[in-house]
Amino acid sequence: MSEKTITFEFEKMNKNSIRYKEVPEDGMPEVLGSIYVQKWFAGDNKNIEITIKTKE
């Protein structure tokens, strides 16, 4: 099983959610791109991290 932590930064605020854009590692392509997180969870955070685990 492999694991990767991806960093996102604030991009745009919508009515009920916040859009974050991925900050890719140097020389690597994006894994997820942009994501939407509900405001009730994201709060006023400008940066978030998501960890992905793959199952084999």
Side-chain angles (χ1 to χ4, degrees):
M1 185 177 343
S2 64
E3 183 175 300
K4 180 154 186 75
T5 300
I6 304 168
T7 303
F8 293 84
E9 63 184 18
F10 175 84
E11 185 174 11
K12 178 182 175 184
M13 190 170 296
N14 296 312
K15 182 178 177 183
N16 295 314
S17 63
I18 300 172
R19 184 168 69 190
Y20 292 91
K21 63 180 177 179
E22 182 176 343
V23 179
E25 295 178 9
D26 291 337
M28 297 295 292
E30 292 180 339
V31 175
L32 294 174
S34 293
I35 61 166
Y36 290 85
V37 179
Q38 296 300 305
K39 284 183 181 178
W40 68 263
F41 184 80
D44 60 355
N45 293 298
K46 299 297 181 192
N47 296 292
I48 60 170
E49 289 184 346
I50 294 178
T51 301
I52 299 175
K53 294 180 184 180
T54 57
K55 291 187 175 183
E56 298 178 42

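The residues of the chain are indexed from 1 along the displayed sequence.
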Trainee: Taking atom types as modelled, is there a side-chain donor on Ser34 or Glu11 under 3.5 Å from an acceptor on the other?
Mentor: yes
Trainee: Can you get from Val31 to Val37 by hopping between Ile, Leu, Val, Met, Phe, Trp and Tyr side chains that sit under 4.5 Å apart?
Mentor: yes
Trainee: Please check if Phe8 and Phe41 belong to a single hydrophobic cluster, counting links between Ile, Leu, Val, Met, Phe, Trp and Tyr side chain heavy atoms closer than 4.5 Å.
Mentor: yes
Trainee: Rounded to the nearest 0.5 Å, what separates atom CG in Asn45 from atom CG in Asn47?
Mentor: 8.0 Å
Trainee: Only one of Ile6, Ile18, Ile48 forms a side-chain contact (heavy atoms from CB on, under 4.5 Å) with Ile35, so which one is it?
Mentor: Ile48
Trainee: What is the minimum heavy-atom distance between Gln38 and Ser17, and which atoms define it?
Mentor: NE2-CB, 3.9 Å
Trainee: Mind checking whether Tyr20 and Trp40 sit in one hydrophobic cluster, side chains of I, L, V, M, F, W, Y counted as touching below 4.5 Å?
Mentor: yes
Trainee: Do Leu32 and Val23 share a hydrophobic cluster (ILVMFWY, side-chain heavy atoms under 4.5 Å, transitive)?
Mentor: no
Trainee: Is it the case that more than 12 heavy atoms not belonging to Lys39 sit under 6.0 Å from its NZ atom?
Mentor: yes
Trainee: Under the criterion side-chain contact (heavy atoms from CB on, under 4.5 Å), I'd like the reasoning laid out for Glu25 against Lys4: C-alpha separation, chi angles, the key distance, then a yes or no.
Mentor: CA-CA 11 Å; Glu25 295 178 9; Lys4 180 154 186 75; 2.9 Å; yes
Trainee: Would a distance-only check, ignoring hydrogens and angles, find a side-chain to backbone donor-acceptor pair under 3.5 Å from Glu49 to Thr5?
Mentor: no
Trainee: Do the side chains of Thr7 and Glu22 get nearer than 4.5 Å, heavy atoms only?
Mentor: no
Trainee: Would Lys21 and Glu9 pass as an ion pair if we require N to O under 4.0 Å?
Mentor: yes
Trainee: Would you say that more than 12 heavy atoms from the other residues, nucleotides or ligands in this model lie under 6.0 Å from the CG of Asp44, or not?
Mentor: no
